[in-house]
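These notes concern the structure reproduced below.
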Protein chains: 2
Amino acid sequence: MKNRAAVYPVIMAGGSGTRFWPLSRHLFPKQLLRIIGDETLIQQTMRRVVHGAPAQQVLISTNPAQAESIRIQLVEWKDEIKDNFVLEPEGRNTAPAIALAALELVRRDPDAVMLVVPADHIVKGQKEFDAAVKLAAELAGQGYLVTFGIKPIRPETGYGYIKPNKRITVGKQGKLKGHPVSRFVEKPNAVKAAQYVKAKDYYWNSGMFVWRAATILEEIRHHQPALFKGIERIRELMQAGGMRGAIDEEYKKLAPVSVDTGVMERSTKSAVVPVAFEWSDVGSWGSLDEVAPKDKAGNIVGGRVVDLGSRRSVVYGDRRVVATIGLTDMVVVDTPDATLVCPKDRAQDVKKVVDILKQQGAPEHLEHVTVHRPWGSYTILEEGDGYKVKRVTVKPGGRLSLQMHHRRSEHWVVIAGTARVTRGDDVFDLQVGQSTAIPVETRHRLENFGQETLHIIEVQNGPYLGEDDIVRFKDEYGRTAHG
Amino acid sequence: MKNRAAVYPVIMAGGSGTRFWPLSRHLFPKQLLRIIGDETLIQQTMRRVVHGAPAQQVLISTNPAQAESIRIQLVEWKDEIKDNFVLEPEGRNTAPAIALAALELVRRDPDAVMLVVPADHIVKGQKEFDAAVKLAAELAGQGYLVTFGIKPIRPETGYGYIKPNKRITVGKQGKLKGHPVSRFVEKPNAVKAAQYVKAKDYYWNSGMFVWRAATILEEIRHHQPALFKGIERIRELMQAGGMRGAIDEEYKKLAPVSVDTGVMERSTKSAVVPVAFEWSDVGSWGSLDEVAPKDKAGNIVGGRVVDLGSRRSVVYGDRRVVATIGLTDMVVVDTPDATLVCPKDRAQDVKKVVDILKQQGAPEHLEHVTVHRPWGSYTILEEGDGYKVKRVTVKPGGRLSLQMHHRRSEHWVVIAGTARVTRGDDVFDLQVGQSTAIPVETRHRLENFGQETLHIIEVQNGPYLGEDDIVRFKDEYGRTAHG
């Protein structure tokens with residue numbers, strides 16, 4: 001019996017953060033949210049794939065802006081995945097990202113089998129998931145491009161549907177079977193979708209794939225030759241340590257192509273394994289119904305909510321009070337800087353709201369007032385003309401970089417814990433109620449050597465208060481920009 | 001022709017702040033809100049009554065907790081009304097408050113005619129208002145207790161209805177006539193209310209009254225003897241400079257009686273003047289429809305709102321983003337620390353929400369994060385265990401009291417303007433970007449001698465951070481407690 005080829009999970013983690021706005025943001029997309037359970041979606045995804053593969057075989061496909069937040073959330077595996085981030089300068093749909101990851105994998109292991117999983121889906125049933133991956137990997141070894149087929153539970157018009165050719169079974173494992181794909185249908189109309197659900201001969205395309213890295217590259221080269229050449233050029237630039245600008249330029253030239261329509265639907269090698277696990281892509285606030293626990297009236301409620309008689313509604317609050325009275329099938333999501341109110345069946349239009357905010361240049365589409373960093377986090381309490389007030393939290397042992405700002409001074413007041421402060425040539429400790437001022441262009445550092453979490457209030461003054469006004473001299477976390 | 005008796009407007013300004021929560025609060029009731037137009041309701045009310053009477057004849061009936069906010073809003077008349085506040089220790093409905101004001105008025109002028117007006121109603125038509133007051137004052141001179149009858153425009157079940165005896169006209173002024181009251185009906189059912197509106201022989205009771213102070217006291221003595229005795233005792237205690245505690249005790253013993261049911265409905269002297277001005281008591285978020293300007297889709301919108309296709313809805317935001325999609329007949333009100341979402345026809349239930357918050361001891365029923373003071377205002381940016389962060393705004397020429405705190409230290413960072421700081425024996429100026437620390441139990445003062453508004457960030461540290469930890473040594477505004 002020949003050795004089975006190693007499976008390399010590739011977590012696709014480059015969401016745009018629009019569907020779950022205002023809880024998600026461009027720099028804090030759905031995968032980073034605790035939608036259900038104690039862990040975020042990407043943490044759940046990581047835990048799911050490392051059940052069947054060593055963590056050092058897991059690649060993370062994302063972009064530079066989101067990588068740091070992902071590293072923070074996957075800190076449990078930080079050493080294993082340290083060098084496993086495949087970064088796209090910007091999202092160009094799935095095919096380019098998958099090609100880039102596949103190129104990296106064949107470099108590491110010419111026989112590598114890739115398991116592509118979105119970072120922000122919910123899967124219930126680890127055993128069933130493992131079994132599906134095992135069968136799919138076997139089919140991948142035979143040269144198939146394998147997708148997982150989910151049994152449809154409603155006539156959803158937003159998904160792709162797959163019809164297996166059930167007369168042919170290309171692989172089998174217990175009750176699980178693999179079949180060649182007979183037909184793909186992308187986003188059918190409501191009538192068609194209802195027929196598919198009724199006929200029970202179509203499956204939802206889950207966006208999870210298993211194939212040999214070498215096979216998918218070959219298929220991309222065949223069906224998307226321009227894309228393939230572009231990716232090869234980019235790969236060469238990256239390996240030669242090319243300038244960021246040049247790589248970004250090349251990337252921008254790529255046509256955004258999805259691996260479904262660009263490759264799977266064109267290939268003769270597509271196969272599908274109808275799976276037994278429960279799945280949801282939690283595509284909108286309205287879809288939470290499928291996966292989140294509800295109260296007796298059918299409400300999904302979190303945070304400081306005072307409700308009188310609402311039904312079947314989603315109400316998410318935080319520290320602020322949210323009072324809801326007599327709502328039916330509504331979504332109310334309240335965050336420190338933005339609130340959304342809409343009927344459940346209009347929840348997909350939140351994307352349009354995000355587009356409007358983006359056009360307005362409003363920061364509320366981009367990130368939260370609380371931003372996580374390797375050393376802790378900061379929360380913007382208020383921003384105004386010439387000043388910014390932050391609460392900065394530093395974990396025990398956390399150290400901000402030794403840094404300097406050209407255009408702002410800072411005042412620090414300790415409100416909990418003990419701060420070790422470097423200011424110019426001085427190093428001193430500040431206790432609760434003590435403070436210091438950091439003038440413009442003065443080297444400084446904030447560290448927490450204590451056992452307790454350090455909290456300070458920082459007041460910034462200056463004509464320009466962007467996070468990019470920073471010169472780093474030393475950093476514990478290997479960063480070259482951003483505080 | 002004998003001299004007409006002087007008219008003394010009495011503004012009833014003791015709202016509970018529940019109906020317009022979260023925009024109104026217990027310490028910031030509806031009268032202090034800019035519901036419509038550039039002025040708040042109490043400012044509009046003051047302007048309306050001083051059109052026909054000198055400002056020094058206007059009494060303000062309120063409670064100690066709300067008096068300061070009212071003085072700040074009526075600053076235009078601050079000298080005239082300085083000694084005209086009649087303070088109730090706590091609200092006991094309208095009869096005790098009116099009795100207290102009437103006792104003060106007969107002391108000033110035995111012939112005084114009182115014009116009682118709620119501080120938080122909307123009236124359109126100054127000329128029509130003035131004419132109604134003029135006729136009513138004439139009737140008051142004849143010994144009548146006069147109320148203004150509003151032509152009903154909908155079958156409202158929450159109001160009192162008045163039927164005039166139109167066969168008898170007790171006074172006349174142009175088209176306006178006064179009639180004896182034939183019948184009062186308090187809060188009729190929907191069927192009755194609809195009949196009244198249709199029959200055109202009933203009027204809404206507007207809660208505005210005109211009578212001689214001596215007459216109403218006599219009628220209270222007659223119909224509410226226990227209340228009258230209680231008020232006389234309280235009045236004596238007040239004039240003797242009695243202890244606050246003793247007065248409060250007496251006040252608590254009073255039965256809460258409304259002047260409508262307790263006096264007007266029992267008196268043989270009640271008269272009504274059907275009036276020509278437009279009136280609304282803006283009793284709930286839903287009632288804004290009657291008075292506020294609407295967009296094409298019938299929405300009443302304020303603040304940073306991004307809306308997609310809502311209709312006939314009320315959406316009030318502030319600095320935070322509020323995104324609304326496809327709402328119909330809904331109310332969404334967003335404030336820095338609390339958000340309300342409900343259908344318009346449930347808006348009256350916001351009172352129940354406020355009751356729940358009160359039971360929970362939640363600060364969000366009590367006051368806003370921004371609190372106005374004679375010298376400017378402060379906004380709580382964040383409160384946590386052992387610390388509080390405020391932005392403090394001081395008007396040009398504004399001076400906080402020379403004060404000291406027993407249990408907290410403070411740090412001040414100037415973010416705009418120039419601060420004159422007194423700290424212990426030192427007096428010095430701080431410019432933008434400069435800071436100082438005020439240790440526990442150190443006398444200090446913050447002043448703005450500049451032309452520009454001063455803004456500072458204040459970080460408080462200490463085991464107790466209540467506003468009542470203050471010792472005042474000197475105060476420009478005659479206050480003895482609270483910063």
Side-chain angles (χ1 to χ4, degrees), chain A residues 21-22 304 306 308-309 315 317 319-328 330 332 334-343 345-347 349-350 352-354 356-357 360 362 364 379 381-382 384-387 389 391 409 411 413-416 432-435 437 439-440 455 457 459 461-462, chain B residues 21-22 304 306 308-309 315 317 319-328 330 332 334-343 345-347 349-350 352-354 356-357 360 362 364 379 381-382 384-387 389 391 409 411 413-416 432-435 437 439-440 455 457 459 461-462:
Chain A
W21 186 89
R304 254 187 94 198
V306 176
L308 298 176
V315 185
R319 292 172 68 172
R320 293 156 27 86
V321 172
V322 180
T324 48
I325 305 172
L327 305 184
T328 304
M330 293 286 291
V332 178
D334 188 80
T335 68
D337 60 347
T339 299
L340 167 72
V341 182
C342 68
D345 61 10
R346 295 291 302 273
D349 285 344
V350 69
K352 295 180 189 165
V353 169
V354 175
I356 292 170
L357 291 173
Q360 292 177 347
E364 291 83 358
T379 299
L381 303 184
E382 187 168 87
D385 200 19
Y387 75 98
V389 185
R391 178 166 37 74
S409 63
H411 283 86
V413 183
V414 177
I415 56 171
V432 171
Q434 296 186 313
S435 66
V440 166
H455 296 269
I457 300 297
V459 182
N461 278 287
Chain B
W21 187 91
R304 255 188 92 197
V306 176
L308 298 176
V315 185
R319 293 172 66 171
R320 296 157 25 86
V321 172
V322 181
T324 48
I325 305 173
L327 304 184
T328 304
M330 294 285 291
V332 178
D334 189 81
T335 68
D337 59 348
T339 300
L340 168 72
V341 182
C342 69
D345 60 10
R346 295 292 301 274
D349 285 344
V350 69
K352 296 181 189 165
V353 169
V354 175
I356 292 170
L357 291 173
Q360 291 177 348
E364 291 83 359
T379 299
L381 303 184
E382 188 168 84
D385 200 18
Y387 75 99
V389 184
R391 178 165 37 74
S409 63
H411 284 87
V413 183
V414 177
I415 55 172
V432 170
Q434 295 186 314
S435 65
V440 165
H455 297 269
I457 300 298
V459 182
N461 278 287

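Predicted, not measured: the structure shown is a model, and the values here were computed from it. Convention: sequence-line order gives letters A, B, ...; per-chain numbering from 1.
Only the side chain of B:Ile356 comes within less than 4.5 Å of a heavy atom of chain A; its backbone N, CA, C and O stay farther away. Both the backbone and the side chain of B:Val353 come within contact range of chain A, judged by heavy atoms closer than 4.5 Å. Using a 4.5 Å cut-off between heavy atoms, B:Ile457 touches chain A through its side chain atoms alone. In this structure, chain A has a heavy atom under 4.5 Å from the backbone of B:Pro336, while its side chain stays farther away. Proximity to chain A is limited to the backbone of B:Thr335, based on heavy atoms less than 4.5 angstrom apart. Contact of B:Val315 with chain A is not made at all, since no heavy-atom distance falls under 4.5 Å. Using a 4.5 Å cut-off between heavy atoms, A:Val440 does not touch chain B at all.
Of all heavy-atom pairs spanning B:Met330 and A:Met330, the tightest one is CE-CE, 3.7 Å. Between A:Pro343 and B:Gly326, the shortest heavy-atom distance links the atoms CG-O, 3.5 Å.
Note: B:Leu327 leads B:Val322, B:Leu327, B:Asp345 in heavy-atom pairs under 4.5 Å with chain A. Put simply, of B:Val389, B:Ile415, B:Leu381, B:Val459, the one with the most heavy-atom pairs under 4.5 Å next to chain A is B:Ile415. Taking chain B as the reference chain and counting heavy-atom pairs below 4.5 Å, the highest number among A:Gly317, A:Cys342, A:Gly309 is found for A:Cys342. If you tally non-hydrogen atom pairs under 4.5 Å between each of A:Ala338, A:Gly386, A:Pro22, A:Ala437 and chain B, the highest count goes to A:Ala338. Of the listed residues A:Leu340, A:Thr379, A:Val350, the one with more heavy-atom pairs under 4.5 angstrom with chain B than any other is A:Leu340. Note: A:Arg391 leads A:Gln360, A:Lys352, A:Arg391 in heavy-atom pairs under 4.5 Å with chain B.
In this structure, CD in B:Glu382 is found 5.0 Å from CZ in A:Arg319, a value given to the nearest 0.5 Å. Atoms CZ and CG, from A:Arg346 and B:Leu308 in turn, are 7.0 Å apart once rounded to the nearest 0.5 Å. Of the inter-residue distances, the one linking A:Asp385 atom CG with B:His455 atom NE2 reads 9.5 Å to the nearest 0.5 angstrom. Here the CD-CZ distance, from A:Glu364 to B:Arg304, works out to 4.0 Å after rounding to the nearest 0.5 Å.
Taking the salt bridge (charged side-chain N to carboxylate O under 4.0 Å, His left out) definition, one finds that A:Arg320 meets it with A:Asp334, B:Asp334, sequence neighbours left out. Residues passing the salt bridge (charged side-chain N to carboxylate O under 4.0 Å, His left out) test with A:Asp337 are A:Arg25, sequence neighbours excluded.
Shown are B:Val341, B:Ile325, B:Thr339; of these, the side chain to side chain contact (heavy atoms under 4.5 Å, CB included) with A:Val341 is made only by B:Val341.
The shortest side-chain heavy-atom distance between A:Val414 and B:Tyr387 does not fall under the 4.5 Å cut-off.
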